[in-house]
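Residue indices begin at 1 and follow the sequence shown.
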Amino acid sequence: MNEHFDDEYVRRAQQEGYRSRAIYKLIEIQQKDQLLKPDMTVIDLGAAPGGWSEYAVKKLGAKGRMIALDILPMEPIDGVEIIQGDFREDDVLAQLLDLIGESGADLVISDMAPNISGMEVVDIPRSYYLADLALDLAIQVLKPGGGLLVKLFQGEGFDDYQKALKQNFKRVVMRKPKASRARSREIYALATGYKPQI
């Protein structure tokens with residue numbers, strides 16, 4: 001608990017009025033990779049409390065679309081379309097696909113993480129299950145050339161997941177933002193240039 005309150009990024013988020021410290025991870029990746037651009041359609045998976053959506057929507061401009069999805073309720077954010085529900089459920093997925101329509105999405109971002117038990121043998125497979133869900137959804141909704149930013153944990157499953165990304169995207173890079181705690185195995189995969197499998 002002390003680590004949380006002594007955390008520079010927690011303090012900054014409170015001072016700057018952001019919903020969570022996670023926003024600084026996305027800010028740093030954006031500064032490096034410019035993944036968010038005006039007029040894009042972006043889907044934020046596991047969005048609550050909404051820090052990533054809150055930041056991303058400002059980069060998309062008036063013609064952009066930001067769709068946030070989470071099992072947990074979220075306070076409204078100007079310009080963000082929020083779906084509360086589990087996209088593994090058919091009706092929630094249908095609602096999301098309906099919102100996106102035929103035009104598809106340019107980018108899927110996912111900061112989803114399982115409830116951490118502290119046991120690696122449990123936590124790592126759970127985290128890859130969520131990452132697999134994010135990749136499956138991205139394959140369903142992305143336009144050719146689209147991108148996926150997804151949180152991973154280094155451990156068993158990492159190499160296989162990276163291989164799956166490389167099969168579906170032209171470029172895959174790993175990012176470890178400064179706002180990611182040093183002792184955490186958390187890392188972000190940024191996959192761009194989606195190439196639909198014919």
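A donor-acceptor distance shorter than 3.5 angstrom exists from the side chain of Gln197 to the backbone of Gln167, with no hydrogens or angles considered. Put simply, the side chain of Asp98 never gets that close to the backbone of Ala94: no donor and acceptor are under 3.5 Å apart. Although no hydrogens or angles enter the test, the distance criterion places a donor-acceptor pair under 3.5 Å between the side chain of Ser127 and the main chain of Ile124. Listed for the Gln95 side chain is no donor-acceptor partner under 3.5 Å among the backbone atoms of Ile83. The backbone N or O of Gly85 sits nowhere less than 3.5 Å from a side-chain atom of Glu89 that would complete a donor-acceptor pair.
Contact between Leu135 and Ala164 at its shortest, heavy atoms only, is CD2-CB, 3.9 Å. Of all heavy-atom pairs spanning Glu54 and Ile23, the tightest one is OE1-CD1, 4.5 Å. Taking all atoms of both residues into account, the shortest heavy-atom contact from Leu142 to Leu107 is CD2-N, 3.7 Å. Scanning all heavy atoms of the two residues, the minimum distance from Ala105 to Ile43 falls at CB-CD1, 3.9 Å. Nearest approach of Leu148 to Tyr161, heavy atoms of both residues: CD2-OH, 4.2 Å. The two atoms that bring Ala134 and Val150 nearest to each other are CB-CG2, 4.1 Å, heavy atoms only.
Considering CG of Leu149 and CD1 of Ile109, their distance stands at 7.0 Å, rounded to 0.5 Å. A distance of 5.0 Å separates CD in Gln140 from CG in Leu93, rounded to the nearest 0.5 Å. Met174 CE to Gln162 CD: the interatomic distance, rounded to the nearest 0.5 Å, is 4.0 Å. For the atom pair Thr192 OG1 and Gln34 CD, the distance stands at 13.0 Å (nearest 0.5 Å). Separating the CZ atom in Arg185 from the NZ atom in Lys176 is a distance of 10.5 Å, to the nearest 0.5 Å. A distance of 12.0 Å separates CG in Asp91 from CG in Leu96, rounded to the nearest 0.5 Å.
Between Arg65 and Val42 the shortest side-chain heavy-atom distance does not fall below 4.5 Å. Annotation: side chain of Ile29 is in contact with side chain of Pro177 (closest heavy-atom distance under 4.5 Å). The shortest side-chain heavy-atom distance between Leu137 and Leu45 falls under the 4.5 Å cut-off. Using a 4.5 Å heavy-atom cutoff, the side chains of Val172 and Leu190 are not in contact. With contacts defined as side-chain heavy-atom distances shorter than 4.5 Å, the pair Asp39/Lys37 does not qualify. Contact check for Val80 versus Ile67: no side-chain heavy atoms found under the 4.5 Å cut-off. In this structure, the side chains of Glu81 and Met66 stay at 4.5 Å or more apart for every pair of heavy atoms. In this structure, the side chains of Leu69 and Met112 stay at 4.5 Å or more apart for every pair of heavy atoms.
The cluster map of Ile, Leu, Val, Met, Phe, Trp and Tyr, joined by side-chain heavy atoms under 4.5 Å apart, puts Val141 and Leu165 in the same cluster. Taking hydrophobic clusters as Ile, Leu, Val, Met, Phe, Trp and Tyr residues chained together by side-chain heavy-atom distances below 4.5 Å, Met74 does not share a cluster with Ile71. Cluster annotation: Leu36 and Phe169 are assigned to distinct hydrophobic clusters (Ile/Leu/Val/Met/Phe/Trp/Tyr, side-chain heavy-atom contacts under 4.5 Å, transitive). Cluster annotation: Ile139 is connected to Tyr129 through the hydrophobic network of ILVMFWY side chains, with a link wherever side-chain heavy atoms come within less than 4.5 Å.
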Checklist line | Verdict with reasoning, Ile27 to Tyr55, per side-chain contact (heavy atoms from CB on, under 4.5 Å) | finding: CA-CA 8 Å; Ile27 289 171; Tyr55 173 74; 3.4 Å; yes
Next item on the list: For Leu152 and Phe158, run side-chain contact (heavy atoms from CB on, under 4.5 Å): C-alpha distance rounded to whole Å, both residues' side-chain angles, the deciding distance at 0.1 Å, then the answer.
Entry: CA-CA 8 Å; Leu152 303 175; Phe158 180 78; 4.0 Å; yes
Checklist line | Check against side-chain contact (heavy atoms from CB on, under 4.5 Å), Leu133 and Arg88 | finding: CA-CA 8 Å; Leu133 290 174; Arg88 290 173 299 179; 3.6 Å; yes
Checklist line | Test log, rule side-chain contact (heavy atoms from CB on, under 4.5 Å), inputs Asp70 and Gln84 | finding: CA-CA 5 Å; Asp70 203 292; Gln84 185 185 345; over 6 Å; no
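Surrounding NZ of Lys170 are at most 12 heavy atoms belonging to other residues, nucleotides or ligands under 6.0 Å away.
A salt bridge (Lys or Arg N to Asp or Glu O under 4.0 Å) check over residues 136-156, counting only residues at least two apart or in different chains, returns the pairs Asp106-Lys143, Asp111-Lys151, Lys151-Glu186.
A salt bridge between Arg175 and Glu28 is absent, with no side-chain N of the basic residue lying under 4.0 Å from a carboxylate O of the acidic one.
When ring centroids are compared, Tyr188 and Trp52 come within the 6.0 Å threshold.
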